[in-house]
Amino acid sequence: MKESADGKPFEGKKTEFDSLGHIIYEDWGNNFRKFRYDENGNQIEEISLDVNKKLVNRWVSMYDSSNVRIEYITYNSLNEPIEVLKKEFIYK
């Protein structure tokens with residue numbers, strides 16, 4: 001059984017990992033989350049879905065060549081951007 005970052009087992013949800021140990025899918029029973037990573041292991045997308053697997057939120061991150069996150073975009077349930085944070089706002 002895999003453990004979360006705090007060392008406790010994942011309970012109450014189904015969690016799938018890729019071959020590198022990244023979480024790629026979580027099933028909480030009443031909502032779902034999917035994750036995508038780039039070739040450097042940076043999380044580039046997180047999608048939250050409701051019980052009917054309809055979009056609730058989406059978050060997209062972009063990184064520079066040094067693997068520093070330079071942009072973070074939050075999307076609403078219509079997949080429209082509602083917040084864009086650039087590097088200077090993310091790392092203040």
Side-chain angles (χ1 to χ4, degrees):
M1 172 174 282
K2 294 273 189 173
E3 295 179 349
S4 63
D6 62 7
K8 297 179 183 174
F10 287 106
E11 294 177 5
K13 67 179 175 178
K14 176 184 173 188
T15 305
E16 293 180 23
F17 300 85
D18 66 13
S19 62
L20 300 174
H22 299 120
I23 296 172
I24 56 172
Y25 181 78
E26 291 180 332
D27 178 348
W28 289 84
N30 60 353
N31 63 65
F32 309 88
R33 291 179 11 176
K34 294 181 180 183
F35 305 86
R36 285 189 330 122
Y37 302 86
D38 66 16
E39 64 277 355
N40 295 315
N42 300 310
Q43 183 180 316
I44 56 172
E45 183 177 51
E46 178 179 334
I47 298 173
S48 180
L49 308 167
D50 67 15
V51 69
N52 297 313
K53 296 195 177 182
K54 292 192 179 190
L55 183 66
V56 175
N57 295 90
R58 178 175 171 239
W59 300 271
V60 175
S61 295
M62 294 173 204
Y63 297 82
D64 65 14
S65 60
S66 299
N67 292 316
V68 173
R69 185 166 54 179
I70 58 172
E71 191 170 81
Y72 183 76
I73 305 170
T74 303
Y75 294 84
N76 64 16
S77 62
L78 300 174
N79 207 26
E80 301 168 332
I82 56 173
E83 182 177 38
V84 178
L85 299 176
K86 301 283 185 175
K87 181 179 179 180
E88 57 270 15
F89 297 113
I90 296 171
Y91 294 102
K92 276 193 173 182

Atom [atom1] in [X], atom [atom2] in [Y]: separation rounded to 0.5 Å?
| X | Y | atom1 | atom2 | answer |
| --- | --- | --- | --- | --- |
| E80 | Y75 | CD | OH | 11.0 Å |
| I23 | F17 | CD1 | CZ | 5.0 Å |
| E26 | F35 | CD | CZ | 4.0 Å |
| L55 | N76 | CG | CG | 7.5 Å |

So do the side chains of [X] and [Y] get within less than 4.5 Å of each other, counting heavy atoms only?
| X | Y | result |
| --- | --- | --- |
| Y72 | E83 | no |
| W28 | V51 | no |
| Y63 | N40 | no |
| E16 | D27 | no |
| K53 | F32 | yes |

Applying the side-chain contact (heavy atoms from CB on, under 4.5 Å) test to V56, which of N31, D50, L49 qualifies?
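One option only clears the test, and that one is D50.
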Y37 vs I24, test: side-chain contact (heavy atoms from CB on, under 4.5 Å). Steps then yes/no.
CA-CA 9 Å; Y37 302 86; I24 56 172; 4.2 Å; yes
Here's a test for you: under salt bridge (charged side-chain N to carboxylate O under 4.0 Å, His left out), which of K34, R33, R36 qualifies with E45?
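Exactly one option meets the salt bridge (charged side-chain N to carboxylate O under 4.0 Å, His left out) with E45, and it is R36.
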Pair R58-N79, side-chain donor/acceptor within less than 3.5 Å:
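Present: a donor and an acceptor within the cut-off.
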Closest heavy-atom contact between Q43 and S61?
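Closest pair (atom of Q43, atom of S61, distance): O-CB, 3.6 Å.
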In terms of hydrophobic clustering (I, L, V, M, F, W, Y; side-chain heavy atoms under 4.5 Å; direct or indirect links), are M62 and I82 co-clustered?
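Not linked; separate clusters.
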